Amino acid sequence: MIIAETAAEVRSRVAEWKKEGLTVGLVPTMGYLHEGHASLITRAAGMCDRVVASVFVNPTQFGPGEDLETYPRDFERDCAVLEVHGCDLVFHPDVSELYPEGAATFVEILSDMPKQLCGKTRPIHFRGVCTVVCKLFNIVTPDRAFFGQKDAQQLAVIRRMVRDLCFDIEIVGCPIVRESDGLALSSRNVYLSPEERRAALVLSRAVDLGKRFYAEGETDAGRVVRAMSELISREPLAKIDYVSAVDGETMMPVEELTPGVLVAMAVYIGTTRLIDNFTVGE
(Lines give C-alpha, C1' and ligand atoms only; values in the text may rest on other atoms or scores of the structure.)
Protein backbone atom coordinates (compact mmCIF):
# COMPACT_ATOMS: atom_id res chain seq x y z
CA MET A 1 0.00 0.00 0.00
CA ILE A 2 1.29 3.42 -0.98
CA ILE A 3 1.37 6.24 1.59
CA ALA A 4 1.17 9.68 -0.02
CA GLU A 5 1.46 12.97 1.84
CA THR A 6 1.03 15.39 -1.06
CA ALA A 7 -1.66 16.03 -3.62
CA ALA A 8 0.95 15.79 -6.37
CA GLU A 9 1.84 12.22 -5.35
CA VAL A 10 -1.82 11.21 -5.37
CA ARG A 11 -2.49 12.82 -8.75
CA SER A 12 0.55 11.15 -10.30
CA ARG A 13 -0.43 7.67 -9.10
CA VAL A 14 -4.10 8.04 -10.05
CA ALA A 15 -3.10 9.30 -13.51
CA GLU A 16 -1.07 6.12 -14.04
CA TRP A 17 -4.01 3.97 -13.02
CA LYS A 18 -6.39 5.79 -15.30
CA LYS A 19 -4.00 5.44 -18.24
CA GLU A 20 -4.34 1.69 -17.65
CA GLY A 21 -8.13 2.03 -17.80
CA LEU A 22 -8.59 1.27 -14.10
CA THR A 23 -11.47 2.62 -12.01
CA VAL A 24 -10.74 4.43 -8.76
CA GLY A 25 -12.75 4.50 -5.54
CA LEU A 26 -12.30 7.03 -2.73
CA VAL A 27 -13.07 6.53 0.96
CA PRO A 28 -12.63 9.81 2.89
CA THR A 29 -11.95 9.29 6.63
CA MET A 30 -10.66 11.20 9.63
CA GLY A 31 -8.78 8.14 10.82
CA TYR A 32 -8.96 6.10 14.02
CA LEU A 33 -10.61 3.49 11.86
CA HIS A 34 -13.11 0.87 12.98
CA GLU A 35 -15.05 -1.92 11.28
CA GLY A 36 -17.46 0.61 9.83
CA HIS A 37 -14.61 2.22 7.90
CA ALA A 38 -13.29 -1.24 7.01
CA SER A 39 -16.65 -2.08 5.45
CA LEU A 40 -16.37 1.01 3.22
CA ILE A 41 -12.91 -0.06 2.04
CA THR A 42 -14.16 -3.58 1.37
CA ARG A 43 -17.14 -2.23 -0.59
CA ALA A 44 -14.87 0.08 -2.58
CA ALA A 45 -12.44 -2.74 -3.36
CA GLY A 46 -15.34 -4.83 -4.60
CA MET A 47 -16.60 -2.12 -6.95
CA CYS A 48 -13.37 -0.45 -8.13
CA ASP A 49 -9.99 -1.55 -9.49
CA ARG A 50 -8.04 0.70 -7.11
CA VAL A 51 -8.98 2.21 -3.75
CA VAL A 52 -7.73 5.48 -2.24
CA ALA A 53 -8.48 6.33 1.39
CA SER A 54 -7.78 9.66 3.00
CA VAL A 55 -6.81 9.93 6.66
CA PHE A 56 -7.14 13.58 7.59
CA VAL A 57 -8.68 15.24 10.64
CA ASN A 58 -10.28 18.20 8.90
CA PRO A 59 -10.06 21.34 11.07
CA THR A 60 -12.68 23.34 9.18
CA GLN A 61 -15.55 21.05 10.21
CA PHE A 62 -14.92 21.51 13.94
CA GLY A 63 -16.52 24.44 15.74
CA PRO A 64 -15.22 26.28 18.82
CA GLY A 65 -15.12 24.03 21.88
CA GLU A 66 -15.39 20.81 19.84
CA ASP A 67 -12.89 17.96 19.98
CA LEU A 68 -10.43 18.85 17.19
CA GLU A 69 -7.37 18.63 19.43
CA THR A 70 -8.46 15.50 21.28
CA TYR A 71 -9.95 13.62 18.32
CA PRO A 72 -8.37 10.14 18.47
CA ARG A 73 -5.48 9.49 16.09
CA ASP A 74 -3.44 6.35 15.37
CA PHE A 75 -2.10 6.42 11.82
CA GLU A 76 0.00 3.25 12.09
CA ARG A 77 -3.05 1.28 13.20
CA ASP A 78 -5.15 2.92 10.47
CA CYS A 79 -2.69 1.78 7.81
CA ALA A 80 -2.89 -1.81 9.04
CA VAL A 81 -6.70 -1.72 8.82
CA LEU A 82 -6.65 -0.13 5.37
CA GLU A 83 -4.13 -2.51 3.86
CA VAL A 84 -5.77 -5.71 5.06
CA HIS A 85 -9.14 -4.61 3.60
CA GLY A 86 -7.86 -3.75 0.15
CA CYS A 87 -6.74 -0.11 0.14
CA ASP A 88 -4.09 0.66 -2.51
CA LEU A 89 -3.14 4.20 -1.50
CA VAL A 90 -3.66 6.24 1.65
CA PHE A 91 -3.55 10.02 1.41
CA HIS A 92 -2.31 11.44 4.73
CA PRO A 93 -1.67 15.14 4.19
CA ASP A 94 -0.56 17.81 6.61
CA VAL A 95 -3.12 20.55 7.24
CA SER A 96 -1.00 22.98 5.20
CA GLU A 97 -1.26 20.69 2.15
CA LEU A 98 -5.05 21.09 1.97
CA TYR A 99 -5.25 24.56 3.55
CA PRO A 100 -2.20 26.55 2.45
CA GLU A 101 -1.45 29.81 4.22
CA GLY A 102 -4.07 32.40 3.36
CA ALA A 103 -6.63 29.84 2.16
CA ALA A 104 -9.98 31.62 2.06
CA THR A 105 -12.16 29.57 -0.30
CA PHE A 106 -14.96 27.38 1.02
CA VAL A 107 -17.73 25.27 -0.50
CA GLU A 108 -21.12 25.77 1.10
CA ILE A 109 -24.70 24.77 0.39
CA LEU A 110 -26.83 27.87 0.96
CA SER A 111 -30.23 26.19 1.26
CA ASP A 112 -31.77 25.18 4.60
CA MET A 113 -30.54 21.62 4.12
CA PRO A 114 -27.29 21.91 6.15
CA LYS A 115 -29.07 23.93 8.84
CA GLN A 116 -31.20 20.98 9.92
CA LEU A 117 -30.33 18.19 12.40
CA CYS A 118 -26.60 18.44 13.21
CA GLY A 119 -26.40 21.81 11.50
CA LYS A 120 -28.56 23.43 14.18
CA THR A 121 -25.85 23.10 16.82
CA ARG A 122 -22.84 22.75 14.47
CA PRO A 123 -23.41 25.68 12.09
CA ILE A 124 -20.04 25.55 10.28
CA HIS A 125 -19.74 21.77 10.17
CA PHE A 126 -21.11 21.05 6.72
CA ARG A 127 -19.27 23.95 5.13
CA GLY A 128 -16.09 22.28 6.35
CA VAL A 129 -17.24 18.86 5.17
CA CYS A 130 -18.16 20.12 1.69
CA THR A 131 -14.89 22.02 1.38
CA VAL A 132 -12.60 19.14 2.29
CA VAL A 133 -14.56 16.56 0.26
CA CYS A 134 -14.51 18.88 -2.75
CA LYS A 135 -10.72 19.17 -2.38
CA LEU A 136 -10.38 15.39 -2.16
CA PHE A 137 -12.57 14.92 -5.23
CA ASN A 138 -10.41 17.36 -7.18
CA ILE A 139 -7.18 15.66 -6.08
CA VAL A 140 -8.22 12.01 -6.44
CA THR A 141 -10.75 12.35 -9.30
CA PRO A 142 -12.45 9.11 -8.25
CA ASP A 143 -15.09 7.28 -10.24
CA ARG A 144 -16.93 6.44 -7.03
CA ALA A 145 -16.80 7.72 -3.45
CA PHE A 146 -18.03 5.76 -0.45
CA PHE A 147 -19.70 7.16 2.68
CA GLY A 148 -21.43 5.56 5.66
CA GLN A 149 -25.16 5.87 6.26
CA LYS A 150 -24.51 6.55 9.96
CA ASP A 151 -23.63 10.10 8.91
CA ALA A 152 -26.86 10.31 6.95
CA GLN A 153 -27.05 14.10 6.77
CA GLN A 154 -23.45 14.25 5.58
CA LEU A 155 -24.25 11.69 2.88
CA ALA A 156 -27.25 13.72 1.71
CA VAL A 157 -25.27 16.97 1.73
CA ILE A 158 -22.47 15.42 -0.34
CA ARG A 159 -24.97 14.01 -2.83
CA ARG A 160 -26.42 17.50 -3.24
CA MET A 161 -22.97 19.08 -3.64
CA VAL A 162 -22.03 16.52 -6.29
CA ARG A 163 -25.24 17.23 -8.18
CA ASP A 164 -24.98 21.00 -7.91
CA LEU A 165 -21.29 21.19 -8.88
CA CYS A 166 -21.62 18.64 -11.71
CA PHE A 167 -19.03 16.20 -10.36
CA ASP A 168 -18.88 13.06 -12.49
CA ILE A 169 -18.67 10.83 -9.39
CA GLU A 170 -21.02 8.12 -8.17
CA ILE A 171 -21.73 8.47 -4.44
CA VAL A 172 -22.21 5.10 -2.78
CA GLY A 173 -23.94 5.00 0.61
CA CYS A 174 -23.04 2.03 2.83
CA PRO A 175 -25.01 0.53 5.74
CA ILE A 176 -24.41 1.33 9.40
CA VAL A 177 -22.11 -1.19 11.10
CA ARG A 178 -22.95 -2.00 14.71
CA GLU A 179 -21.39 -3.75 17.67
CA SER A 180 -22.96 -7.07 18.62
CA ASP A 181 -25.09 -5.25 21.24
CA GLY A 182 -26.37 -2.72 18.70
CA LEU A 183 -24.20 0.36 19.32
CA ALA A 184 -23.33 2.06 16.03
CA LEU A 185 -19.57 2.08 15.49
CA SER A 186 -17.95 5.49 15.86
CA SER A 187 -14.40 6.73 16.39
CA ARG A 188 -15.79 8.75 19.31
CA ASN A 189 -16.95 5.60 21.15
CA VAL A 190 -13.43 5.48 22.58
CA TYR A 191 -14.34 8.49 24.74
CA LEU A 192 -17.01 6.51 26.64
CA SER A 193 -16.39 5.14 30.12
CA PRO A 194 -17.73 1.61 30.80
CA GLU A 195 -20.84 3.11 32.41
CA GLU A 196 -21.35 5.51 29.50
CA ARG A 197 -20.79 2.70 27.01
CA ARG A 198 -23.72 0.82 28.55
CA ALA A 199 -25.84 3.97 28.59
CA ALA A 200 -25.07 4.60 24.92
CA LEU A 201 -27.14 1.56 23.97
CA VAL A 202 -30.20 3.75 24.46
CA LEU A 203 -29.59 5.13 20.94
CA SER A 204 -29.92 1.77 19.20
CA ARG A 205 -32.86 0.87 21.44
CA ALA A 206 -34.57 4.07 20.28
CA VAL A 207 -33.87 3.12 16.65
CA ASP A 208 -35.40 -0.31 17.26
CA LEU A 209 -38.43 1.30 18.91
CA GLY A 210 -38.99 3.65 15.97
CA LYS A 211 -38.71 0.79 13.48
CA ARG A 212 -41.17 -1.28 15.52
CA PHE A 213 -43.71 1.54 15.68
CA TYR A 214 -43.60 1.89 11.89
CA ALA A 215 -43.78 -1.89 11.35
CA GLU A 216 -46.91 -1.95 13.50
CA GLY A 217 -48.57 0.69 11.32
CA GLU A 218 -47.73 4.00 13.04
CA THR A 219 -46.96 6.67 10.44
CA ASP A 220 -47.38 9.84 12.53
CA ALA A 221 -43.81 11.16 12.68
CA GLY A 222 -44.50 13.23 15.79
CA ARG A 223 -45.72 10.22 17.78
CA VAL A 224 -42.75 8.10 16.79
CA VAL A 225 -40.24 10.86 17.56
CA ARG A 226 -41.87 11.52 20.95
CA ALA A 227 -41.77 7.83 21.86
CA MET A 228 -38.11 7.60 20.91
CA SER A 229 -37.31 10.80 22.82
CA GLU A 230 -39.10 9.57 25.94
CA LEU A 231 -37.12 6.34 25.85
CA ILE A 232 -33.82 8.23 25.58
CA SER A 233 -34.80 10.68 28.31
CA ARG A 234 -35.21 7.84 30.77
CA GLU A 235 -31.46 7.19 30.59
CA PRO A 236 -29.82 9.43 33.25
CA LEU A 237 -26.54 9.86 31.36
CA ALA A 238 -28.25 10.84 28.10
CA LYS A 239 -28.99 14.38 26.95
CA ILE A 240 -30.84 14.78 23.64
CA ASP A 241 -29.51 17.18 21.03
CA TYR A 242 -32.27 16.23 18.59
CA VAL A 243 -34.55 13.42 17.50
CA SER A 244 -36.17 14.25 14.17
CA ALA A 245 -37.96 12.80 11.17
CA VAL A 246 -36.93 14.45 7.89
CA ASP A 247 -37.10 13.96 4.16
CA GLY A 248 -34.21 11.68 3.26
CA GLU A 249 -33.02 13.93 0.43
CA THR A 250 -33.73 17.49 1.57
CA MET A 251 -33.38 16.97 5.35
CA MET A 252 -36.50 19.10 5.90
CA PRO A 253 -38.97 18.02 8.63
CA VAL A 254 -41.88 15.75 7.73
CA GLU A 255 -45.13 14.93 9.52
CA GLU A 256 -45.68 11.46 8.08
CA LEU A 257 -43.42 8.42 7.96
CA THR A 258 -43.20 7.11 4.41
CA PRO A 259 -40.50 5.04 2.71
CA GLY A 260 -37.31 7.07 2.38
CA VAL A 261 -37.92 9.28 5.42
CA LEU A 262 -34.89 9.56 7.70
CA VAL A 263 -35.40 9.32 11.45
CA ALA A 264 -32.20 10.62 13.03
CA MET A 265 -30.86 11.54 16.44
CA ALA A 266 -27.89 13.10 18.17
CA VAL A 267 -27.49 12.38 21.86
CA TYR A 268 -24.85 13.32 24.39
CA ILE A 269 -23.76 10.46 26.61
CA GLY A 270 -21.85 12.33 29.26
CA THR A 271 -19.81 14.77 27.16
CA THR A 272 -19.65 12.53 24.07
CA ARG A 273 -21.99 13.35 21.21
CA LEU A 274 -23.22 10.27 19.34
CA ILE A 275 -25.50 9.93 16.33
CA ASP A 276 -27.71 7.16 14.99
CA ASN A 277 -30.57 6.83 12.53
CA PHE A 278 -32.74 4.63 10.38
CA THR A 279 -34.43 5.09 7.03
CA VAL A 280 -38.09 4.16 6.89
CA GLY A 281 -38.71 1.15 4.71
CA GLU A 282 -35.12 -0.11 4.77
Side-chain angles (χ1 to χ4, degrees), residues 1-7 9-10 13-14 24-45 48 50-63 66-99 118 122 124-140 142 144-155 157-158 171-174 176-179 183-192 197 271-275:
M1 185 178 69
I2 302 160
I3 298 175
E5 296 183 349
T6 69
E9 292 175 80
V10 176
R13 182 63 63 168
V14 170
V24 178
L26 171 66
V27 180
T29 85
M30 292 207 301
Y32 211 74
L33 305 182
H34 50 65
E35 284 303 312
H37 297 107
S39 73
L40 301 181
I41 299 295
T42 300
R43 181 79 176 276
C48 304
R50 296 290 184 269
V51 178
V52 177
S54 61
V55 173
F56 178 68
V57 181
N58 176 39
T60 64
Q61 67 190 67
F62 289 79
E66 293 185 349
D67 58 341
L68 173 60
E69 298 303 323
T70 60
Y71 193 85
R73 296 164 170 87
D74 189 339
F75 184 61
E76 185 175 341
R77 174 178 167 275
D78 291 342
C79 285
V81 172
L82 291 169
E83 189 162 23
V84 77
H85 286 90
C87 182
D88 298 286
L89 184 153
V90 55
F91 181 34
H92 183 51
D94 186 76
V95 171
S96 62
E97 181 70 12
L98 291 188
Y99 297 99
C118 290
R122 305 185 74 192
I124 68 166
H125 177 69
F126 290 111
R127 184 183 75 167
V129 168
C130 286
T131 300
V132 75
V133 171
C134 191
K135 289 172 183 280
L136 292 171
F137 285 174
N138 283 330
I139 293 166
V140 179
R144 299 182 178 96
F146 298 79
F147 296 87
Q149 179 64 30
K150 184 174 75 71
D151 296 292
Q153 186 177 14
Q154 172 180 275
L155 176 58
V157 164
I158 289 167
I171 302 302
V172 181
C174 301
I176 297 172
V177 178
R178 299 182 181 276
E179 298 277 10
L183 182 66
L185 290 175
S186 169
S187 298
R188 289 185 169 95
N189 288 351
V190 70
Y191 297 154
L192 300 171
R197 173 64 179 73
T271 59
T272 303
R273 186 178 183 275
L274 302 176
I275 59 175

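Worth saying up front: this structure is predicted, and the values here are computed from it rather than measured.
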- request: Any chance you could lay out the side chain to side chain contact (heavy atoms under 4.5 Å, CB included) test for Gln149 and Leu155, step after step, and finish with the verdict?
  value: CA-CA 7 Å; Gln149 179 64 30; Leu155 176 58; 3.2 Å; yes
- prompt: Taking C-beta and beyond as the side chain, do Val55 and Leu82 meet within less than 4.5 Å on heavy atoms?
  reply: yes
Residue pair Asp88, Arg13: steps toward the salt bridge (charged side-chain N to carboxylate O under 4.0 Å, His left out) verdict: CA-CA 10 Å; Asp88 298 286; Arg13 182 63 63 168; over 6 Å; no
message: Just verifying a value: how many Å separate Ile41 CD1 and Thr29 OG1, rounded to the nearest 0.5 Å?
response: 7.5 Å
- prompt: Are Leu136 and Phe91 side-chain neighbours, meaning at least one heavy-atom pair lies under 4.5 Å?
  reply: yes
- prompt: Side-chain contact, heavy-atom cut-off 4.5 Å: Asn58 with Tyr99?
  reply: yes
- prompt: Heavy-atom distance under 4.5 Å between the side chains of Phe62 and Asp67, does that happen here?
  reply: yes
message: How close do Leu89 and Met1 get, counting heavy atoms only, and between which atoms?
response: N-CG, 4.1 Å
task: With side chain to side chain contact (heavy atoms under 4.5 Å, CB included) as the test, would you mind laying out the steps for Thr60 and Ile124 before giving the verdict?
output: CA-CA 8 Å; Thr60 64; Ile124 68 166; over 6 Å; no
query: Could you give the distance from CZ (Arg197) to CG (Leu183), rounded to the nearest 0.5 Å?
result: 4.5 Å
- prompt: Are Asn189 and Tyr32 linked by a side-chain donor-acceptor pair shorter than 3.5 Å?
  reply: no
query: Looking at Ser187 and Gly31, what are the two nearest heavy atoms and their distance?
result: OG-O, 3.4 Å
task: For the residue pair Phe75 and His92, categorise the inter-ring angle as parallel (less than 30°), tilted (30 to 60°) or perpendicular (more than 60°).
output: parallel
field: Separation between CZ of Arg122 and CZ of Arg273, rounded to the nearest 0.5 Å
entry: 5.5 Å
- request: May I ask you to test the Pro28-Phe56 pair for a side-chain heavy-atom distance under 4.5 Å?
  value: no
Evaluation steps, side chain to side chain contact (heavy atoms under 4.5 Å, CB included), between Leu98 and Ile139: CA-CA 10 Å; Leu98 291 188; Ile139 293 166; 3.6 Å; yes
message: Check whether Asp74 reaches the backbone of Arg77 with its side chain - one donor and one acceptor, N or O, closer than 3.5 Å.
response: yes
